[in-house]
Amino acid sequence: MMNISQLLKEAESGFGAEGLPTPGLDAEVLLAFSIARERHFLYAHPAKEISGVEMERFRSLVAKRIKGKPVAYITGRKEFWSLNFEVTPDVLIPRPDTEILVEEILRLSGQEKEVKIRILEIGTGSGAISVALASELKNASITATDFSPNALAVAEKNAVNNKVGEKISFLCGDMFDPVEGKFDIIVSNPPYITEHEFELLAPEVREYEPRRALVAGPEGTEFHRKLVRDGERFLENGGRLVMEMGADQRFAIEKMLKEKDYCDIVFHRDYAGLMRVAIAKELKINNLYTW
Ligand SMILES: C[S@@+](CC[C@H](N)C(=O)[O-])C[C@H]1O[C@@H](n2cnc3c(N)ncnc32)[C@H](O)[C@@H]1O
C-alpha cells in the first residue's frame with residue numbers, strides 16, 4: 001500500500017521525467033479521479049493509504065498520460081466556465097482562452113436584458129460556449145451546430161447535465177446549412193490552424209484531438225471567411241459576429257470584415273496577451289437595431 005502523498009510524488013516525478021508541462025496538476029487530477037474524490041480531498045488526507053485496486057487504476061492512467069494522452073480524454077471531463085463538461089475524442093477539449101468569447105458576449109448582451117436574445121453558435125464541439133451562455137443568460141434562445149453528429153451528441157449531453165438542455169437547439173450540418181432565421185449574435189470558435197501549423201503542434205494535441213476541429217486549410221482563415229460572408233444573411237441588422245481567431249490573423253480578418261457590411265470592428269486579447277477574439281457589427285443602411 002502507498003499513501004496519497006507518495007503516489008502523487010511517484011507520478012509527478014514520472015511526468016516530470018517525460019517533460020510533461022504540468023506534472024503536479026496532472027498527478028492530482030488523475031489520482032482524484034482514480035479514487036472518485038475531488039482534488040481538495042488529496043490535500044486534506046495526504047497520509048491516507050490507497051487500496052491495491054485503486055492504486056493499479058491510478059498507475060494505468062499514469063501510463064496513458066506518459067504516452068501523451070491528454071488528461072481530459074483520460075478522465076473524460078473538463079471544466080469550462082466553472083461548469084463540468086464531458087469530453088470524448090470526438091470533441092476538442094475546451095480551452096480557458098475561449099472563455100473570453102463568453103465574457104464578451106455577456107458584456108454585449110447585458111445579463112438583465114428583457115428582450116429575448118437569439119444566439120447562434122457554429123461548430124459547438126463539446127457545447128462549451130453555448131452551455132456557458134445558456135447558464136448565464138436567462139433570456140437567451142440558443143441554436144448550436146456542428147457537422148459532427150458524435151460531437152453534437154456530447155454537446156447535448158453536456159447541456160442536459162448542466163440543466164440548460166431546454167434552452168439550446170442542436171443542429172447537425174455544414175456551417176450554416178441546417179440554420180434558419182435571424183440571430184442577434186453569431187459566435188464561433190472555428191478551426192483556424194493552417195496545415196503547416198498543425199504539423200508543429202504538440203503531439204498530445206496533434207495525435208489525440210480531432211484534426212477537423214483544428215485545421216482550416218492552407219491560410220487558416222478559411223472558416224472566418226465563410227462566417228463573415230454567410231453570417232450576414234443570418235444576423236439581425238445591428239447584430240454581432242463574434243469569432244475566436246489566431247494571434248496573427250487580425251489583418252486578414254479585419255480586411256474581410258471591411259469588405260462586407262460590418263462596422264465597429266474590435267479585437268480582444270486572451271489572458272496571455274495574444275489577439276484572440278474578433279467582434280464586428282453587421283449593419284445595413286440604417287442602424288435600426290442598436291445594442
Ligand atoms: C475549434 S473547435 C471548437 C469547439 C467548441 N466550440 C470549443 O470552443 O471548444 C471547431 C468545431 O467546429 C466543428 N466544425 C468543423 N468544420 C465544420 C463545418 N464545416 N461545419 C460545422 N462545424 C464544423 C468541429 O467539429 C469542431 O467541433
Side-chain angles (χ1 to χ4, degrees), residues 70 72-73 76-105 119-135 142-159 162 164 168-180 183 185-195 197-198 201 205-206 208-231 234 241-247 249 253 268 270-271 276-278:
Y73 288 146
R77 319 170 179 167
K78 180 74 183 175
E79 197 176 284
F80 180 86
W81 200 257
S82 300
L83 299 170
N84 286 318
F85 286 85
E86 180 180 312
V87 290
T88 71
D90 290 308
V91 302
L92 190 90
I93 300 167
R95 308 295 204 261
D97 287 333
T98 300
E99 291 184 353
I100 296 169
L101 273 78
V102 178
E103 276 171 25
E104 288 304 323
I105 291 171
I119 299 175
L120 169 65
E121 184 190 7
I122 299 288
T124 194
S126 65
I129 296 172
S130 288
V131 170
L133 288 170
S135 76
I142 301 178
T143 301
T145 76
D146 207 289
F147 76 154
S148 157
N150 292 347
L152 274 183
V154 174
E156 285 198 68
K157 208 165 164 190
N158 282 324
N162 286 292
V164 292
I168 309 175
S169 308
F170 292 97
L171 301 175
C172 193
D174 182 30
M175 299 299 284
F176 292 92
D177 281 358
V179 180
E180 281 175 8
F183 298 86
I185 293 175
I186 297 177
V187 57
S188 185
N189 171 14
Y192 58 77
I193 291 178
T194 66
E195 280 144 11
E197 283 165 345
F198 181 77
L201 287 176
V205 179
R206 202 177 60 230
Y208 289 91
E209 300 214 55
R211 191 181 196 278
R212 294 186 71 181
L214 292 162
V215 178
E219 288 173 18
T221 50
E222 288 81 351
F223 279 80
H224 298 99
R225 192 170 294 286
K226 288 184 198 167
L227 288 163
V228 167
R229 184 193 62 204
D230 299 336
F234 295 91
L241 176 62
V242 180
M243 302 182 289
E244 187 165 323
M245 56 184 265
Q249 294 174 338
I253 290 175
H268 295 277
D270 63 19
Y271 305 123
R276 187 61 65 206
V277 181

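Just follow the structure's listing: the first ligand is 1, and inside any ligand the first atom is 1.
The existence of a salt bridge linking Arg95 and Glu209 is confirmed by a sub-4.0 Å separation between a basic side-chain nitrogen and an acidic carboxylate oxygen.
At least one heavy atom of Glu121 sits less than 4.0 Å from an atom of ligand 1. At a 4.0 Å cut-off, at least one heavy atom of Gly173 sits close enough to ligand 1 to count as contact. The closest approach between any non-hydrogen atom of Thr145 and ligand 1 is not below 4.0 Å. The closest approach between a heavy atom of Phe223 and any atom of ligand 1 is below 4.0 Å.
Nearest to atom 12 (O) of ligand 1 by heavy atom, out of Gly123, Cys172, Ala155, is Gly123.
Atom CD1 in Ile105 sits 5.0 Å away from atom CG in Leu133 (nearest 0.5 Å). Rounding to the nearest 0.5 angstrom, the gap separating the CD1 atom in Ile142 from the OG atom in Ser169 is 9.5 Å.
Here the heavy atom of the protein found nearest to atom 9 (O) of ligand 1 is Pro94 CA, 3.8 Å. Atom 5 (C) of ligand 1 has its closest protein heavy atom at Thr124 O, 3.3 Å. The protein non-hydrogen atom at the shortest distance from atom 20 (N) of ligand 1 is Met175 N, 2.8 Å. Of the protein's non-hydrogen atoms, the one nearest atom 2 (S) of ligand 1 is Ala213 O, 3.4 Å. Here the protein heavy atom with the shortest distance to atom 19 (N) of ligand 1 is Asp174 OD1, 2.6 Å. Closest to atom 25 (O) of ligand 1 among all protein heavy atoms lies Asp146 OD1, 2.7 Å. Of the protein's non-hydrogen atoms, Phe147 N, 3.3 Å is the one closest to atom 22 (N) of ligand 1. Nearest protein heavy-atom contact of atom 8 (O) of ligand 1 is Asn189 ND2, 2.9 Å.
Counting heavy atoms of neighbouring residues, nucleotides and ligands inside a 6.0 Å radius, atom CZ of Arg206 exceeds 12 of them.
For ligand 1, the atoms closer than 4.0 angstrom to any heavy atom of Arg212 are 15 (C). The distance from ligand 1 to the heavy atoms of Thr98 drops below 4.0 Å at these ligand atoms: 8 (O).
Of the candidates Asn158, Thr98, Val131, Phe80 forms a side chain to side chain contact (heavy atoms under 4.5 Å, CB included) with just one, namely Thr98.
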Val242 and Val277: side-chain contact (heavy atoms from CB on, under 4.5 Å), yes or no, with the steps? CA-CA 7 Å; Val242 180; Val277 181; 4.0 Å; yes

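Taking any N or O of Ser126, backbone or side chain, none lies under 3.5 Å from an N or O belonging to ligand 1.
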